[in-house]
Protein chains: 2
Amino acid sequence: MDTANIEKTRYAETSSKADVNALVRLCEADMASVNATITERMQSDVSIIPALAEHLISAGGKRLRPLLCVAAARIAGTTNAHHHKLSAAVEFIHTATLLHDDVVDSSQLRRGKVAAHLIWGAPSSVLVGDFLFARAFELMVETDSLQALGILSKAAGVIAEGEVLQLMKAYDVGLSEAIYIDIISAKTAALFAAASESGAVAAGASVEKQKALRDYGMNLGLAFQIQDDALDYGGTAASLGKNAGDDFAEGKATLPLILAIAATGEAEKDFWHRTVSLRQQQEGDFARAQALMIESGAMAQTIDRAKVYARKAKDALKVFGASEWKAALEALADYSVERTK
Amino acid sequence: MDTANIEKTRYAETSSKADVNALVRLCEADMASVNATITERMQSDVSIIPALAEHLISAGGKRLRPLLCVAAARIAGTTNAHHHKLSAAVEFIHTATLLHDDVVDSSQLRRGKVAAHLIWGAPSSVLVGDFLFARAFELMVETDSLQALGILSKAAGVIAEGEVLQLMKAYDVGLSEAIYIDIISAKTAALFAAASESGAVAAGASVEKQKALRDYGMNLGLAFQIQDDALDYGGTAASLGKNAGDDFAEGKATLPLILAIAATGEAEKDFWHRTVSLRQQQEGDFARAQALMIESGAMAQTIDRAKVYARKAKDALKVFGASEWKAALEALADYSVERTK
């Protein structure tokens with residue numbers, strides 16, 4: 001076996017471990033710069049602003065979007081450091097949308113902590129979101145890339161459109177799978193795609209590679225969101241994550257619910273109408289919804305759909321030769337649909 | 001008298017009419033393009049977005065900020081049309097901040113119409129604000145000017161900071177004039193300055209002229225806001241505009257109030273504490289506040305302050321030779337402090 005084949009085999013093995021850790025390790029040095037930029041740029045003389053931003057940002061989360069931006073720049077062979085500022089900008093846009101979403105949904109928790117608007121009030125959450133959004137654009141301007149700016153500003157508009165569409169379609173038991181995909185493409189996958197594509201653009205990647213990384217991000221985002229929505233009903237394991245049940249309680253029409261409503265038909269029409277359209281829920285309803293999803297095959301179908309997108313994400317990477325970056329991105333795609341929390 | 005002097009005299013006469021009409025007339029053709037761009041770019045397949053945006057945008061207002069951007073480009077002798085997209089972007093940023101402010105302040109009215117959040121709900125107002133903000137950046141990207149983008153994104157961050165600062169200082173009878181100026185510099189004058197400066201930048205103006213137009217916008221914005229705050233108490237005429245009394249009812253510490261509290265001293269301390277700090281207001285309180293402002297000289301002082309800024313705005317234009325644009329901008333500065341509504 002020659003060296004190249006040994007390399008390929010090694011990467012193939014790495015990619016078989018479905019996790020985010022390989023990517024996190026590879027991005028460690030880059031993310032230290034990104035995190036320093038995030039901390040520096042959320043400062044303000046108006047003290048409530050960094051306090052509120054810090055509350056949410058320090059709670060962490062996986063920072064998947066900046067990781068994607070870094071990885072895209074790296075796999076495209078960047079020789080500059082623009083992806084640090086772009087990644088910080090991507091995290092600011094994401095944080096701004098979380099702050100506004102939590103106000104919009106009156107959420108109680110975010111990243112395991114009390115939602116910011118419950119501590120500082122909804123007005124402050126709205127305004128600090130605006131502040132972070134503006135700071136994101138300031139950071140992008142400093143990268144001198146109008147193309148990256150165009151990609152991320154377009155994504156920001158699409159996210160807002162997706163959120164409004166979701167708001168309009170709340171409690172809609174007749175929501176089609178197509179509109180569900182439209183909503184999650186906009187509210188989630190658009191920023192994954194833009195983070196990845198803008199990283200490639202900042203690295204000076206070819207148009208073919210820019211498109212490949214955009215496609216990777218878009219499909220990864222769809223896989224992630226569908227798996228999230230499956231896990232909100234416990235997935236197939238029926239082992240529940242800490243926020244499981246939220247979507248059902250809110251009457252949010254996500255894919256497991258849409259497919260379960262279609263699969264159970266007339267027999268369960270009244271149950272779904274009462275629990276989702278009217279949100280008149282009683283003890284045992286959530287367990288019954290979970291059972292119906294598993295028995296009707298809706299949950300398995302949901303996870304199959306997520307796997308199709310994860311497969312597409314990996315396929316998009318075929319323009320790249322074997323590398324530790326490619327293996328890590330493949331592992332991330334597998335992780336997106338194999339995780340159980 | 002030679003032709004140049006006749007021209008100068010004519011412009012001097014024009015500028016002695018303190019109004020916004022000369023500028024509106026000069027900008028007519030430009031503003032037709034700006035308005036077409038605004039209408040085109042607020043569209044979305046998510047129908048509630050253009051409906052909500054249209055509600056606020058069609059209500060008009062003077063469109064002072066886009067007018068300023070156009071005028072700055074014109075007085076700097078622009079030979080391109082970038083100021084149309086920039087002006088539309090400036091109006092979108094302004095509209096986004098109005099939507100969010102009305103949610104933050106729970107306002108009932110805006111531009112004489114029911115506030116959007118009372119019709120479509122606060123969540124939609126927040127999200128449509130985000131949408132317009134994103135669209136603003138998309139428009140700016142199309143002008144290919146990173147410098148203009150930098151100016152406007154910085155202003156957007158400063159506006160949010162100003163709004164948060166104002167929120168923190170509500171009902172503060174001890175607010176200093178210096179912090180009041182900080183607040184209005186950020187929440188109002190920063191966008192006037194950025195609109196004007198970015199118009200100059202898009203026109204390829206010299207650094208000296210960019211600075212002059214920034215200074216003009218900043219001082220005009222301060223003059224405008226102080227006069228607005230004076231008119232909220234009826235100014236010296238005691239003839240009230242339709243929203244007069246709002247600031248007092250909300251306990252907002254604006255300049256007439258700050259100066260009146262300082263001028264009336266110990267004698268009226270209890271009155272201001274009850275009506276502003278505690279917002280325990282009864283019939284006759286607003287009339288008494290107005291009377292105290294006039295008798296103590298606080299209102300006259302307030303209007304004097306506004307006039308100082310209007311004067312500074314006009315002084316900033318001295319780098320430009322006489323022209324109908326210069327005369328119109330001078331007339332606007334005069335109008336900002338002589339208007340009675």
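Each chain gets a letter, A, B and so on, in the order the sequences are listed, and its residues count up from 1.
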Quick check: do [X] and [Y] have side-chain heavy atoms less than 4.5 Å from each other?
X: B:H100; Y: A:H100; result: yes
X: B:S124; Y: A:L167; result: yes
X: A:T97; Y: B:D130; result: no

**OP:** Describe, in one word, how the ring planes of A:F137 and B:F137 are oriented to each other, choosing from parallel (under 30°), tilted (30 to 60°) and perpendicular (over 60°).
**Re:** parallel
Contact winner vs chain A - [options], heavy-atom pairs under 4.5 Å:
options: B:V158, B:V128, B:V126, B:L132; value: B:V126
options: B:P123, B:A96, B:G162; value: B:P123
options: B:I48, B:V103, B:I159; value: B:I48

Subject >> Separation between CG of A:L149 and CD of B:E142, rounded to the nearest 0.5 Å >> reply: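 The distance works out to 12.0 Å.
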**OP:** Kindly compute the distance separating CE (A:M168) from CG (B:L127), expressed to the nearest 0.5 Å.
**Re:**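 A:M168 CE to B:L127 CG: 12.0 Å, rounded to 0.5 Å.
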Subject >> Heavy-atom pairs under 4.5 Å with chain B, option from A:A160, A:S153, A:G157 with the top count >> reply: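 Highest number of heavy-atom pairs under 4.5 Å: A:S153.
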Original post:
Do you know which of A:L152, A:L146, A:I151 makes side chain to side chain contact (heavy atoms under 4.5 Å, CB included) with B:V141?
Top reply: A:L146
Subject >> Portion of A:D45 that has a non-hydrogen atom of chain B nearer than 4.5 angstrom >> reply: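 For A:D45, the backbone is the part near chain B, not the side chain.
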**OP:** Would you tell me whether B:E161 and A:S44 have side-chain atoms, one donor and one acceptor, within less than 3.5 Å of each other?
**Re:**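 Side-chain D/A pair, B:E161 to A:S44: present.
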